[in-house]
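Scroll down for the structure; my scribbles are underneath it.
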Amino acid sequence: MQIAKNSVVEFHYRVSEGETLLENSQGNHPLLYLHGHGGLFETMEAAFVGKSVGDEFEVTLTPEQSYGERRESAIQRIPLKHLQGAKKWSAGMVATVESNQGKQEVMLIKVGRFNADCDLNHPFAGKTLTFNIQVASVREATADEISHGHAHAKGGCGH
């Protein structure tokens with residue numbers, strides 16, 4: 001089966017910036033998504049069209065096609081009491097904070113006694129990313145998946 005709108009796709013990926021490996025899904029469960037419903041970056045999703053199980057391909061995304069450019073205005077001072085994920089904080093750690101848009105991960109730049117300066121940019125913002133993709137499975141989506149707008153893992157989605 002070839003990947004087209006309403007296909008459920010599982011794939012492994014390696015993402016790098018130049019020669020630097022940033023993430024690798026090998027050794028973990030493959031990523032799962034419903035094709036044609038905006039679950040991936042537009043340029044990446046377009047690269048999947050027509051691919052089948054076992055296909056391997058590469059797609060390179062500019063910052064504009066992925067996580068955007070870094071914004072210096074995305075540095076904020078946040079009280080330590082609002083950081084979730086650890087009891088003791090230090091620069092370089094990632095914390096979760098609750099915002100108007102829901103939970104968000106932030107990178108701690110500087111930690112003081114009561115506050116931390118946090119970078120709200122995505123860690124991959126401003127980077128040209130190369131994804132090496134290996135298609136693990138492709139199947140037709142169920143009516144529930146299409147109506148929900150996302151793929152369901154084995155056992156359902158819980159809603």
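Since this is a predicted model, take the numbers as computed values, not measurements.
Remark: the backbone N or O of Ser99 is not paired with any side-chain donor or acceptor of Lys103 at under 3.5 angstrom. Under the 3.5 Å distance criterion, the side-chain polar atoms of Asp55 are matched with a main-chain donor or acceptor of Ser52. Panel note: side chain Lys127, backbone Glu17; no donor-acceptor pair is recorded below 3.5 Å.
Ala47 and Lys51 get closest at one heavy-atom pair: O-NZ, 3.0 Å. When all heavy atoms are compared, the tightest approach of Ser7 to Ala4 is OG-O, 2.8 Å.
Scanning for salt bridge (Lys or Arg N to Asp or Glu O under 4.0 Å) contacts around Arg14 gives an empty result, with sequence neighbours left out.
Contact annotation: the side chain of Ser66 never approaches that of Thr43 to less than 4.5 Å [non-hydrogen atoms, C-beta and beyond]. In this structure the side chain of Val97 reaches within 4.5 angstrom of the side chain of Leu83, judged on heavy atoms. Taking the side chain as every heavy atom from C-beta outward, Asn115 and Leu80 never approach each other to under 4.5 Å. Between Leu129 and Leu22 there is a side-chain heavy-atom pair separated by less than 4.5 Å. Side-chain contact between Phe11 and Val138: absent, with no pair of heavy atoms (C-beta onward) separated by less than 4.5 Å.
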- Glu10 vs Ser137, side-chain hydrogen bond (donor to acceptor under 3.5 Å, both in side chains): CA-CA, chis, key distance, verdict: CA-CA 5 Å; Glu10 286 185 304; Ser137 74; 2.7 Å; yes

- Query: How far apart are the C-alpha atoms of His12 and Asn28, what are their side-chain angles, what is the distance that settles it, and do they pass the side-chain hydrogen bond (donor to acceptor under 3.5 Å, both in side chains) test?
  - Reply: CA-CA 9 Å; His12 282 287; Asn28 295 312; over 6 Å; no

- Give the C-alpha distance, both sets of side-chain angles, the deciding distance and a yes or no for side chain to side chain contact (heavy atoms under 4.5 Å, CB included) between Gln65 and Thr60. CA-CA 9 Å; Gln65 295 169 317; Thr60 298; over 6 Å; no

- Task: Take His37 and His35 through the test ring-ring contact (aromatic ring centres under 6.0 Å, His included) and record every step on the way to the result.
- Result: CA-CA 6 Å; His37 291 260; His35 188 82; 8.9 Å; no

- Task: For side chain to side chain contact (heavy atoms under 4.5 Å, CB included), just list the numbers for Val8 and Glu145, CA-CA rounded to whole Å, side-chain angles, deciding distance to a tenth of an Å, and then say yes or no.
- Result: CA-CA 9 Å; Val8 173; Glu145 289 171 316; 3.4 Å; yes

- Task: Go through His152 and His150 one step at a time and tell me if the side chain to side chain contact (heavy atoms under 4.5 Å, CB included) criterion holds.
- Result: CA-CA 7 Å; His152 296 169; His150 63 261; 3.4 Å; yes

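Annotation for Gln104: atom CD counts as buried by contact number, over 12 foreign heavy atoms lying within 6.0 Å. Few gaps surround CD on Gln84; more than 12 heavy atoms of other groups in view lie less than 6.0 Å from it. More than 12 heavy atoms of other shown residues, nucleotides or ligands fall within 6.0 angstrom of atom CD in Glu64. Sparse packing is recorded around NZ of Lys110, with 12 or fewer heavy atoms of other residues, nucleotides or ligands lying under 6.0 Å away. Sparse packing is recorded around CZ of Arg77, with 12 or fewer heavy atoms of other residues, nucleotides or ligands lying under 6.0 Å away.
Applying the ring-ring contact (aromatic ring centres under 6.0 Å, His included) rule to pairs touching residues 55-74 yields Phe41-Tyr67, Phe48-Phe57, Tyr67-His122, Tyr67-Phe124, sequence neighbours excluded.
Tyr13 and Leu32 fall into different hydrophobic clusters, where Ile, Leu, Val, Met, Phe, Trp and Tyr side chains are chained together by heavy-atom contacts under 4.5 Å. Under the 4.5 Å side-chain heavy-atom criterion for ILVMFWY residues, a single connected hydrophobic cluster contains both Val53 and Leu31. Residues Val15 and Val94 fall into different hydrophobic clusters, defined by Ile, Leu, Val, Met, Phe, Trp and Tyr side chains chained together at heavy-atom separations under 4.5 Å.
Using modelled atom types and a 3.5 Å distance limit, the side chains of Thr128 and Thr62 yield no donor-acceptor pair.
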